[in-house]
Structures are given as structure tokens and as C-alpha cells.
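Indexing begins at 1, ligand by ligand and atom by atom, following the structure's order. We count residues from 1, following the sequence as given.
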Amino acid sequence: MANINKILIANRGEIALRVIRSCKDMGKQTVAVYSDPDAEAPHVLHADESVHIGPAASSESYLVIDKIIEAAKSTGADAIHPGYGFLSENADFSARCQEEGIIFIGPEPKAIKLMGDKTEARELMKKADVPFPPGTTNALESIEEAEEIAHEIGFPVLVKAAAGGGGKGMRIVDEPSEFKSSIKGAKSEARNAFGDDRVYIEKYLVEPRHVEFQILADEHGNVVHLFDRECSIQRRHQKVIEEAPCTILTDELRAEMAEAAVSAAKACDYVGAGTIEFLVDRDRNFYFLEMNTRLQVEHPVTELITGHDLVSLQILVAEGEKLPFSQDDITMSGHAIECRIYAEDPRDQFLPSTGTLTKHRIPSGNGVRVDAGVEEGQAVTINYDPMISKLCTFGKDREQAISRMLRALDEYEIAGCRTTIPFCKYVLEHEAFREGTYDTHFVKALFDPGKLDELVDDEIQSIAASLLKLNKSNGETGYKEKTHQANGDVASSWWQKRRR
Ligand code: MV4
């Protein structure tokens, strides 16, 4: 048992803030680290102490193991929480913390390494009796070998990078003639992205749904699951909307998948919070896809349906405590949805839309939770992930969670950059989403940017905000009356539209 007194959060933005909040709930001291442009970021302002770790580039700040370790030592932090992204799934970082006598709030290097290698993970699932898509559990040696396996499992097949995940180094192959170029392409992409060009093949599942299970494990061999999340609404392998629980699972299938998820975690001697991703096909067969050895962006929807604080539990387990409950004590109720609000323009190919958030008024009310990493007046830059916030709603059932989400999206006021709010509204109002009949191809197949009708709304909001600012500064220079008039006009038409 190791009591943790002070935790360094090796991250930024909303997740750093999220971790700080649980630390405070538990009476733990907090240390933030920050790059040049983050000097006044919310995570720095909310932590008890902070350490500057370098310039904007992540490769020179948030990703530098030596700098993070040094910051922990100089502040006397006894543990490090990596959040998600950055160093969270870096086995060397977990190992280095161990060497330095600092508690890494996450799994052992062994589990990170194992699950980071998709061929090894598949091999492990074979032993653990967890189903995975048919194909090889070894890296490909030759085109002939690939053709042989494809002949066995049937086209289409997928060429995937062993070091991959998140869609990089992945190629669909529909017929033998495409093999050569697909393998070459996947290999070169994998080499560039991971410095590892090993690839393998597996059966390509058409129209699958992405369903994942949250698991938690302690050092004493206890492994539990906290049910499932549906994450099929993605674009370019980036999740946009998630919900819990998944609507297509029967109690029976849920129990079966949960058992497989727990087996997968046990197979790699997992400790901490982790996620087992599955694909579910049209016949409701499920297949292990990968394990994420970190806390996930979408963890709040699980917290909302189970009532448990996953970050506190991660910390508890890192202290060597036993899980405070058994599987039977964990129940779920109601329904939760998360919309990721990105600073991207859904009308222009989701291109990043940077700028200063001249207005950021988050929604509230019954069943609404917002995890934001940016505050009004702050700049959204291209240095980091363009996610502004995670807007979650909770309801007694899916229908209530959806109507609360639409209410919250309507209430959300952002000016200074374009956001994915209109896109989220589009999805939530779509028949396929309402009926729950969508799959991982939703955005590609069903999203029509021409149908976004809130352009005027957004633009007027942004003009109104700028004019309001202008109005304030002109108040000091004597032009108040004229701009006040203009501002009043715009503001009133904006309100009229909003009230329709
Ligand atoms: C698949 C698949 C179909 N069949 N594997 C995409 C990201 C990476 N984690 C794995 N991915 C997929 N693997 C087999 N055997 C389809 C996808 C996939 C996908 C998966 C989850 C959510 C969205 C997706 C979008 C396109 C493709």
C-alpha cells in the first residue's frame, strides 16, 4: 500500500482539469506542467503548483519523459497521471516512472507493450478464448502468404499495421490484384507513423459497430467491467459522439462481451482502467479489435450511467488498494451521450478553425455535464488537439438523453471559431441515429454538410460578439451611440432567430 500525496498531471486541456478535480475530491495535492502557450491555461490555474516544461511543440514539452520526471522530482510528486494521448500509452514512460520510484497511474509497461502490438494482442486473445476477426496473428512474411490467408478467409480483407491502431497503416483489399500495392502502402504508412512496418491481415467486416467495454483491475487480481459504450459515430477514425449503454446489445450479448472483456484484461495481467474495443457485425457476432491501456476521452458516459468516478478509482488502484466493489455491486441506470465539440468547420471538410474564443458560455441544467479545457478569452491554436469540450447529457432513457443534448447544444454559445455543434445537432436529429440503426459508416454515408442550416445563427453570434467588444472599446473613444445602434440590430435579430 502506497499512500499518494501529490500527483503530477502529465497532460493539458480538459483531461488535465478532469484529473485535477478528482485529486481535489480525494484531498491530493496537484502539479500541472505547461508549455509556453499554456502558461495561463485552466489546468495551470487550477493546480496547486505548476512547472514550465518547454515550447509549444509537444515533442519538446508534453512528450519529453526527462522533463516530466524532472518536474515530478523537483515538486516532490509521488505519482504521475498521464491522462490520454501524449505519454499515456508509452511503455518506456511507465517503466521510467517505476525506475525513479514514482507511481505511474496506469498499467505496467508489459501490458502497454503487449496491447500496443496488434499481432501479439491477437495471439493473446487466441489463448484467452476471446473472439477476434479471422486472419493471422503473425506479421506477414510475403505476398504469397497474404494471398494464401486471404483465400482461406475470403475477400475483402484488411491489411493492418502491427504497431497501429486508430486507422493508420490500414488498407482494404477487395481482390488479389490489389494486394501488392496495398501492402506496400500500409507498410510505408506504418513505417512513417510508428517506425515499425510490420503488417498482418484479417477479415474485413462490413458495416460493423464499434462497441467497447470499460474495465478496472487492481493489483490483487480483481477485474471488473463497467459496462459498454457505443462509439460508431466517427469521422476519419476520430470519435465524435459516444453513448452508454450501447442500444443494440441484449442482456445476453452484453454479458457475453463483458466476460470476454474481463478475460482480455486478465490475459495481460492488467492493472488500472482500460478499454476493450470490439466490432459487432450485422449478425451480432463480436470480435476483439484492440485494447486501449489508458483512461479514454469518452469515460464520462460510463461515469454517468454507473455513478462511479473512474479517475478516483485509478488513483485508488495505483495506491495498491483493492477495488472497493465487486462485479455484482456495479449497476447501470439511464442513458448518457457525449458530443465532442471541436474547433473545426463541419461545412468545410472539418478543417481546423482556430481563433480566440470571444464567447464561451457552456450549457447547464438537469442532466448536463461539460468537461472543457478552454475558457472564454483563450485562443484555440493549431498546437494541440482542436477539442474545445466534451458535452455530456444524462437521462432516464435514451430519448431523454437525446432531447437534453439537443437542448444543451442549442444553449451552448461559442464565438470566435467555427465548431462542430451544428454537426452534432444534425446527427442527433437524424433518423438513423434516433432509431439506433447506424454503424461506423454513418458520417461518410449519411452526413450532408449542405443540410446544416445554422450557418446564419453561428455567424450572427460571432458578429454580435465582435460588435459587443467594439462597442465596449468605442465607449472610451466617443463613438458609442453609433455602434450601439448597430449592435442592437444584430443582437435583436439573433434573438428573434433563436426564439423561433
Ligand atoms: C476493422 C474494420 C472492419 N473489419 N477491422 C478502424 C480503426 C482501427 N481501430 C480499426 N478500424 C476498423 N477495423 C476489421 N477486421 C473497420 C474499422 C473501421 C472502424 C472501426 C471502428 C470505428 C470506426 C471505423 C471506421 C472505419 C473502419
Side-chain angles (χ1 to χ4, degrees), residues 84-85 89 115-123 125-126 130-137 140 146 149-150 152-174 178 182-183 185-186 189-190 193-194 198-213 228-244 246-249 257 261 264 274-294 296-298 338 340 350 427 432-433 436-447:
Y84 54 71
E89 292 180 285
M115 289 303 182
D117 186 320
K118 308 305 161 193
T119 53
E120 281 198 52
R122 281 163 65 81
E123 186 62 39
M125 293 310 116
K126 196 197 262 176
V130 173
F132 55 89
T136 52
T137 53
L140 282 180
I149 297 155
E152 263 169 53
I153 62 178
F155 287 94
V157 300
L158 260 181
V159 179
K160 285 188 175 181
K168 273 209 189 100
M170 203 170 89
R171 292 282 189 287
I172 302 170
V173 183
D174 289 310
E178 296 169 8
S182 294
I183 291 176
E189 207 172 302
F194 316 111
R198 290 173 306 129
V199 295
Y200 66 98
I201 57 170
E202 62 182 42
K203 176 85 188 154
Y204 179 62
L205 307 167
V206 279
E207 298 172 18
R209 293 176 67 125
H210 174 126
V211 182
E212 58 185 32
F213 276 74
D228 44 287
R229 296 184 287 257
E230 157 83 59
C231 309
S232 294
I233 309 280
Q234 314 202 352
R235 59 167 296 284
R236 299 214 203 125
H237 306 301
Q238 187 184 53
K239 294 169 185 162
V240 205
I241 298 175
E242 303 99 334
E243 51 182 319
C246 168
T247 51
I248 57 159
L249 302 189
M257 291 177 73
T275 296
I276 318 291
E277 296 185 354
F278 294 104
L279 290 179
V280 180
D281 71 13
R282 277 174 293 186
D283 302 324
R284 303 289 183 263
N285 298 305
F286 67 91
Y287 306 89
F288 170 86
L289 191 60
E290 51 196 70
M291 178 172 189
N292 299 314
T293 56
R294 58 165 194 275
Q296 298 218 192
V297 177
E298 61 272 26
E338 170 177 283
R340 299 191 190 182
F350 292 86
V427 176
F433 184 81
T437 52
Y438 60 95
D439 58 51
T440 50
H441 303 299
F442 180 97
V443 181
K444 215 174 14 170
L446 302 171
F447 175 56

Nearest-0.5 Å distance that lies between atom CZ in F213 and atom CZ in R229: 10.5 Å
Determine whether V159 and M170 make a side-chain contact, defined as any pair of heavy atoms from C-beta on separated by less than 4.5 Å. no
Heteroatom distance test (K160, ligand 1): nitrogen or oxygen, under 3.5 angstrom: yes
Ligand 1 to E290 polar contact by distance, N or O atoms, under 3.5 Å: yes
Please step through salt bridge (charged side-chain N to carboxylate O under 4.0 Å, His left out) for the pair K168 and E189, ending with a clear verdict. CA-CA 7 Å; K168 273 209 189 100; E189 207 172 302; over 6 Å; no
Using a plain distance cutoff, I'd like to know if L205 has any nitrogen or oxygen under 3.5 Å from a nitrogen or oxygen of ligand 1. yes
Under the ring-ring contact (aromatic ring centres under 6.0 Å, His included) rule, what do Y438 and F433 come out as? Steps first, then yes or no, please. CA-CA 6 Å; Y438 60 95; F433 184 81; 5.4 Å; yes
L158: numbered ligand 1 atoms lying under 4.0 Å from its heavy atoms: 1 (C), 2 (C), 3 (C), 4 (N), 5 (N), 13 (N), 14 (C), 15 (N)
H210 heavy atoms, cut-off 4.0 Å: which ligand 1 atoms fall inside? 21 (C), 22 (C)
Side chain or backbone of V206 under 4.0 Å from ligand 1, or both, or neither, by non-hydrogen atoms? neither
Closest to atom 27 (C) of ligand 1 by heavy-atom distance, out of E212, H441, H237, is H237
Should one rank V211, V443, L279, I233 by closest heavy-atom distance to atom 2 (C) of ligand 1, which comes out on top? L279
Could you measure the distance from the CD atom of E152 to the CD1 atom of I201? Nearest 0.5 Å is fine. 9.0 Å
Give yes or no for whether the N/O distance cutoff of 3.5 Å, strictly under, is met between T440 and ligand 1. no
Closer than 4.0 angstrom: is that true for some heavy atom of M170 and an atom of ligand 1? yes
K203 neighbourhood, listing ligand 1 atoms whose heavy-atom distance to it stays under 4.0 Å: 4 (N), 14 (C), 15 (N)
When rounded to the nearest 0.5 Å, the distance separating CD of E120 from NZ of K118 is 11.0 Å
Heteroatom distance test (E202, ligand 1): nitrogen or oxygen, under 3.5 angstrom: yes
Measure the CD-CE distance between E290 and M115 for me, rounded to the nearest 0.5 Å. 10.5 Å
Just wondering, do N292 and E89 contact through their side chains at under 4.5 Å, heavy atoms? yes
About how many Å separate CG of D439 and NE2 of H210, when rounded to the nearest 0.5 Å? 13.0 Å
Could you tell me, atom by atom, which parts of ligand 1 come under 4.0 Å of a heavy atom of G167? 7 (C), 8 (C)
